[in-house]
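Report on one structure; see the data block that follows.
All values below come from the heavy atoms of this structure, side chains included, with hydrogens, waters and symmetry mates left out. For ligands, and for the atoms within them, numbers begin at 1 and follow the listed sequence. For the single chain, residues carry numbers from 1 onward in sequence order.
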Amino acid sequence: MLNKKSIQEIDVDGKKVLVRVDFNVPMDENGTITDDRRIREALPTIRYLREHNAKVILMSHLGRPKGKFNMKYSLKPVAERLSKRLGTDVTLAGDVIGDAVQTIAGSLKDGDVMLLENVRFYEEEERNDKEFSKKLASLGDIYVNDAFGTAHRAHASTAGIAEYLPSTVGFLIKKELEIMGKALNTPERPFVAVLGGAKVSDKIGVIENLIDKVDTLLIGGGMAYTFYKAMGYEIGKSILEADKVELAGEILKKAEAKGVKLLLPVDTVVAYEFSNDSPRKTVSADMIPKDMMGMDIGEESSRIFAEIVKSARTVLWNGPMGVFEMPNFAAGTFELAKAMAECTGTTIIGGGDSAAAAEQLGFADKMTHISTGGGASLEFIEGKVLPGIAAIDNM
Ligand code: AMP
């Protein structure tokens, strides 16, 4: 089903291979990397290339240097961490393009690894400038995109460059496309999608694409209250998108017409203030007091959602069930993550906050797949074309 070339389908022996990775890692104020998951996730592609005698030239962005050289956003700490993880020296070029970089690239031996400086030190990067893309391309013989997290952006190092070189996807993007692509196109059924998070507006595209594909759609989190409003319930001080009430009503009707089971929480945990310490209680969905706000799905809803998730063959989850950052309102999200961990089918977390929640709650390693892209995986689930993938050569 993957119609894009992958690195196993191209001869890399002795070639200079330019790989776009996503090394946009979180750092503290001293420039120390606080989580190197993104570096670790790029290792299979880098190792494969080294084992197959390629000269590896890595490119990435880090933060938002806004098109200017700013050493606060230098990839130096990344080069150091990568050297440790790979067990070999990684040379950091002092620039992204230009003669000095060409010289280092030209002196690489088979199996060597170099890292270009932050591609966003040039404003041409985000503009997807042709000349800049050409200059990047001139550093290598083959282009590999393995940065799923930026695949929804048409930038020079993610898309433009592919016009000038033979191109393939790396192992990380391949895995993302295979697992999420299968879930969306040929899922094992029942296929259950669980959507939460703060706003309906962020997830409209996702709901509209999924409603044609899933057997059951579970909706929790802040967005549930806009649906309640559409059903005529009192929602008190709960988060509401007043301009999306009509749309929520249409989604409910559409689900019914298509025979998709769309379930909202039957009960909800309410509080007086948006604070962990606020007094709280659980009420049924249609009994939210005027002076309180919904902060989490209730215990009965958690039980119902968990049953459905556990007996599914494919589960796709995006968005927490409540304000999980506050321990008193994390139970619904915890129970959902636990049910996914116990599900024997394919379990996928579509990036962003739910990935953080699963990680924080200790269930991350029990999932079939946690997407590495927040925005990119949302757009993929919406059924949109991702420019960084569209640009790659077809098989
Ligand atoms: P998203 O980025 O759209 O997945 O939304 C995640 C955010 O939604 C988290 O920061 C949650 O705290 C927030 N959220 C979840 N449930 C609620 C709720 N009932 N009221 C307000 N915010 C919520």
Self-check item: N/O separation below 3.5 Å, Gly222 to ligand 1
Solution: yes
Counting heavy atoms under 4.0 Å, the part of Asp353 that contacts ligand 1 is side chain
Any donor-acceptor pair under 3.5 Å from Asp202 side chain to Lys199 backbone
no
Charged N to carboxylate O below 4.0 Å: is that the case for Arg37 and Asp35?
-> no
If you scan protein heavy atoms around atom 19 (N) of ligand 1, the nearest is Gly294 O, 3.0 Å
Closest to atom 20 (N) of ligand 1 among protein heavy atoms sits Ile239 CG2, 3.6 Å
Ranking Met293, Met326, Lys237, Glu325 by closest non-hydrogen atom to atom 9 (C) of ligand 1, top hit is Glu325
So the side chain to side chain donor-acceptor pair (under 3.5 Å) pairs with at least one residue in residues 216-236 (sequence neighbours excluded) are Tyr225-Thr268
Numbered in order shown, the ligand 1 atoms found under 4.0 Å of a heavy atom of Gly221 are 16 (N)
| request: Look at Asp141 together with Lys16 and state whether they make a salt bridge at an N to O cut-off of under 4.0 Å. | output: no
Check: of Gly374, Ala198, Ala330, min heavy-atom distance to atom 8 (O) of ligand 1 comes from Ala198
Review point. Quick one: do Lys253 and Glu256 make a salt bridge, cutoff under 4.0 Å?
Key: no
*asked:* Under 4.0 Å between a side-chain nitrogen and a carboxylate oxygen: does that hold for Arg303 and Glu300?
replied: yes
| Heavy-atom contact under 4.0 Å between Lys203 and ligand 1? | yes
